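Okay, structure first, notes after.
In each ligand, atom 1 is the first atom listed, and ligand 1 is the first ligand listed. Note that this is a predicted model, so its numbers are computed, not measured.
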Amino acid sequence: MTDSTHSPDLKSWVSSADRHADFPIQNLPLGIFSPKDEGPRAGTAIGDKVLDLWAVAELGLLPRADVVPLENPTLNAFFALPKADRMAFRQRLSELLSDEQYREKVEPLLYDAADCTMHLPARIGDYTDFYVGIHHAMNIGKQFRPDNPLLPNYKYVPIGYHGRASSIRVSGEPVTRPNGQRKAPDEDAPVRGPSRRLDYELELGVWIGPGNALGEPIAIADAPDHVAGFGLLNDWSARDLQGWEYQPLGPFLAKNFHSTVSPWVVTAEAMAPFRKAQAPRPEGDPAPLDYLSDAGDRKHGALALELDTFLLTAKMRDAGEAPHRLSQSAAEHMYWTVAQIVTHHASNGCDLRPGDLLGTGTISGPNDDSLGSLMEMSKGGKEPITLPNGETRGFLEDGDEIILKATAKADGAVPIGFGECRAVVRPAP
Ligand code: MN
């Protein structure tokens, strides 16, 4: 599964790449960026630089980078390539950035990342959000249904809903607090106004690669070939709107006002060293139905990925303080694997398309310091958390910024990171 591009001995001639927390040469994530004063194009992050892949392709040095158009560029056509092509591309890119013989030609095509503007990596046709974080499902379920937190379908069906693609924005773009209807249990009728219970959700984003034809499901053993890569996703949620509107059809305006994704797509190939066995289901849980069951997926279907959430309030920003870490979770707390959610999504014949985005659902761990939303941390707002500077939060205030980060770690591998997924909350209009 791993090859020379993952070797811990591999070094780039880009000096900042060596031991870079996110983007050493073993990563090579893909994104769409604009250099200062120039139009958008495909790039890869290497250390604190971004390489212009279009320009490298124009020199004839890189296969298949030309599938990304220069006009309105997105990675959709690249995601659609067969896995063998994407692997060959990675191999070549790794050579170009490690072998000194290419340095003279390639070095002028690097830009300082700090001067670049990042864009959405793909034209997202459809977005689906799942609910595979079982600790989150339990914690939220307890608040809505104390006697019956986990519904009986949870351990049989990877629960999901169709989200809204149009309001997904790249990291850095502010999120505007939504107006909406809310009704407290002791009120007779709803009122409308700015959400008072604005929250974030720490999620992993899954970028779909080659799609499937309508009516042709994806076998679970083939599911990994349909995943192009991964990113971070913040599924902003207005809990007061959600509590009033969600029955009987599920989330709607409480979720679709804005979702934030990280700009860099960490490819499925880059994540090869960080695949691990899915934890066995607890004693007494049902086995997955056959179509969701695969020995290879049990052996390699989980990801060794740490997930961190930070909060930077306006007061902290003004005081020049660093963001405060709210929690540390991990992708291993997913009850269903990525292959299982991809397979389940297409199991009725639904066609997935290159550049579609799947969210895993909030990934909380089992402890108080590993929760993936404020709704859980503050017990529905009843027990606000206290920050190091004395401020308290039940939910998010205007001016608060949420920053998600992820790092993949495994024995014998160079750790790679996802970069940041961040956005600041602006007041309601
Ligand atoms: Mn969600």
Who pairs with Asp129 by salt bridge (Lys or Arg N to Asp or Glu O under 4.0 Å), at least two apart in sequence or on another chain? none
Salt bridge check: are Arg196 and Asp240 linked by an N-O gap of less than 4.0 Å? no
Can a cation-pi geometry be assigned to Arg123 and Trp207, taking NZ or CZ under 6.0 Å from the six-membered ring centre and within 45° of the ring axis? no
Note, Leu204 side chain near Leu305 side chain (heavy atom, < 4.5 Å): yes
Residue set satisfying side-chain hydrogen bond (donor to acceptor under 3.5 Å, both in side chains) with Arg64, at least two apart, ordered chain then number -> Asp85
The expected count of protein N/O/S atoms at less than 2.8 Å from the Mn ion (ligand 1) is 4
Can you tell me which residue pairs pass the side-chain hydrogen bond (donor to acceptor under 3.5 Å, both in side chains) test with a partner in residues 244-256, sequence neighbours excluded? Gln181-Trp244, Glu201-Lys255, Asp235-Lys255, Ser237-Lys255
